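Nothing here was measured: the structure is a model prediction, and the numbers come from that model. In what follows, chains carry the letters A, B, and so on, assigned in the order in which the sequence lines appear, proteins first and then strands, with residues in each chain numbered from 1.
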Protein chains: 2
Amino acid sequence: MTQMATIDSVMRTLADPTRRAVFERIVSSDEITVAELTRGSGVTQGAISQHLKSLKLAGLVAERPEGRKVFYRAEPEGLAPLVDWMSHYGVFWRERFANLRTLLKEIDP
Amino acid sequence: MTQMATIDSVMRTLADPTRRAVFERIVSSDEITVAELTRGSGVTQGAISQHLKSLKLAGLVAERPEGRKVFYRAEPEGLAPLVDWMSHYGVFWRERFANLRTLLKEIDP
DNA sequence: CAGATACTTAGGCATCTGCCTAAGTATCTG
DNA sequence: CAGATACTTAGGCAGATGCCTAAGTATCTG
């Protein structure tokens, strides 16, 4: 997805524990294959593949096929909708800064 | 809920669009009744009441009964699990600060 | 007290979702 | 080419979820 995903798709995608665990594992590794993600996940490769499809549609991960393997990596901008949402509805965060993005620029221009 | 909710409950609770809209509306107002939340929500008061129960269990809102009305307000610490999760798995945010909470203290000690 | 108002909760229902098995596609290896 | 490996996708199913109607509880008002 090069198109910006919505807060709705991001939230819904990360709401499932198994899928979120897959995402966390992808983030924690540079690149990782489906087989590796399946190992220790407690579900079948088919299930993992379905979760990866959801994560990809939500713009949270990207794939890189190489031979018969497919490597997945985290899409850095994928959580932007969540960050934006937090900056609006983050309650006690909102009270301190109008926009997290603005803050980020001040720190790391 | 005085007990700290989990990232799981927070994510799952905010995943539903209707329930998230209810939360957003509570955040945007200081205090608000169930009847007001029902108005323009597109669902019945019963449904709103059920969503409020979920939000309360997730630690996202608090209630204050007054007569036959019940006022709801946002629970500022409710999104803490989400903030913590972001600081761990926020990918390009993580690269910039180890912990959003630490950052917060630096800005607003 | 009787009725109205504000809200919660129970029961039921249709839809959604996550998982499994199994089949299908593509690549590598002997 | 035959078989193995890596992955995706289709079909089906059991459980979860969100909503509605309607009943139940509590408070206010005449």
Atom NZ of B:K56 and atom P of C:dC7: how far apart are they, to the nearest Å? 13 Å
Give me the residues of residues 34-44 of chain B where at least one heavy atom lies under 4.0 Å from an atom of DNA chain D, by number, or none. B:G42, B:V43, B:T44
A:R64 has an atom CZ; how far is it from atom C1' of C:dA26, in whole Å? 17 Å
How close or far is atom P of C:dC7 from atom CG of B:L55, stated in whole angstroms? 16 Å
Is it the case that one hydrophobic cluster holds both A:F71 and A:L55, taking links as side-chain heavy atoms less than 4.5 Å apart, direct or via other members? no
Using whole Å, report how far CG of B:L57 lies from P of C:dT8. 13 Å
Between P on C:dT17 and CZ on B:R12, what's the gap in Å once rounded to a whole number? 15 Å
Just so I know, are the side chains of B:E24 and A:W85 near enough to count as touching, which here means a heavy-atom distance under 4.5 Å? yes
In terms of heavy-atom contacts, B:V34 and B:Y72 come closest through CG2-CE1, 3.7 Å
Assuming nearest nucleotide by heavy-atom distance, tell me which of B:E66 and A:V70 is located more 5' along DNA chain D. A:V70
So A:Y72, base contact, sugar-phosphate only, or nothing? Heavy-atom distance under 4.0 Å. sugar-phosphate
Looking at D:dC20, D:dG18, C:dT9, which one has an atom nearest to any side-chain atom of B:D16? D:dG18
With the side chain counted from C-beta on, respond yes when B:V22 and B:S41 share a heavy-atom pair under 4.5 Å apart, and no when they do not. no
Can you list the stems that DNA chain D is part of, where a stem is at least 3 pairs in a row, each Watson-Crick or G-U, with both distances below 3.5 Å? C:1-30 with D:1-30
Looking at A:H51, I'd like to know whether one of its side-chain N or O atoms comes within less than 4.0 Å of OP1 or OP2 on C:dC19. yes
Of B:Q45 and A:Q45, the one whose closest DNA chain C nucleotide lies more 5': B:Q45
Between A:R73 and A:V61, is any pair of side-chain heavy atoms under 4.5 Å apart? no
Student check: side-chain heavy atoms of A:E36 and A:T33 closer than 4.5 Å: yes
Nearest of C:dA10, D:dG11, D:dT17 to any side-chain atom of B:Q50? C:dA10
Which of these, A:K69, A:R64, A:R68, sits in a salt bridge (charged side-chain N to carboxylate O under 4.0 Å, His left out) with A:E66? A:R64
Atom CZ of B:R19 and atom C1' of D:dA16: how far apart are they, to the nearest Å? 12 Å
Going through the checks in order, is the salt bridge (charged side-chain N to carboxylate O under 4.0 Å, His left out) test met by B:R20 and B:D16? CA-CA 6 Å; B:R20 192 170 59 251; B:D16 179 70; over 6 Å; no
Compare the minimum distances between each of D:dA4, D:dA10, C:dC7 and the side chain of A:R68, then state the nucleotide with the smallest one. D:dA4
Measuring to OP1 and OP2 of C:dA6, would you say a side-chain N or O of B:T33 lies under 4.0 angstrom away? no
What is the distance, to the nearest angstrom, from the CZ atom on B:F71 to the C1' atom on C:dT5? 14 Å
Taking for each residue the nucleotide of DNA chain C bearing the nearest heavy atom, is the 5' side occupied by A:A15 or by B:K69? B:K69
Taking C-beta and beyond as the side chain, do A:D84 and A:P81 meet within less than 4.5 Å on heavy atoms? no
Take the protein atom CG of B:L52 and the nucleotide atom P of C:dT8, then report the distance between them rounded to whole Å. 6 Å
The criterion is side chain to side chain contact (heavy atoms under 4.5 Å, CB included); which residues satisfy it with B:S54, sequence neighbours excluded? B:T13, B:R19
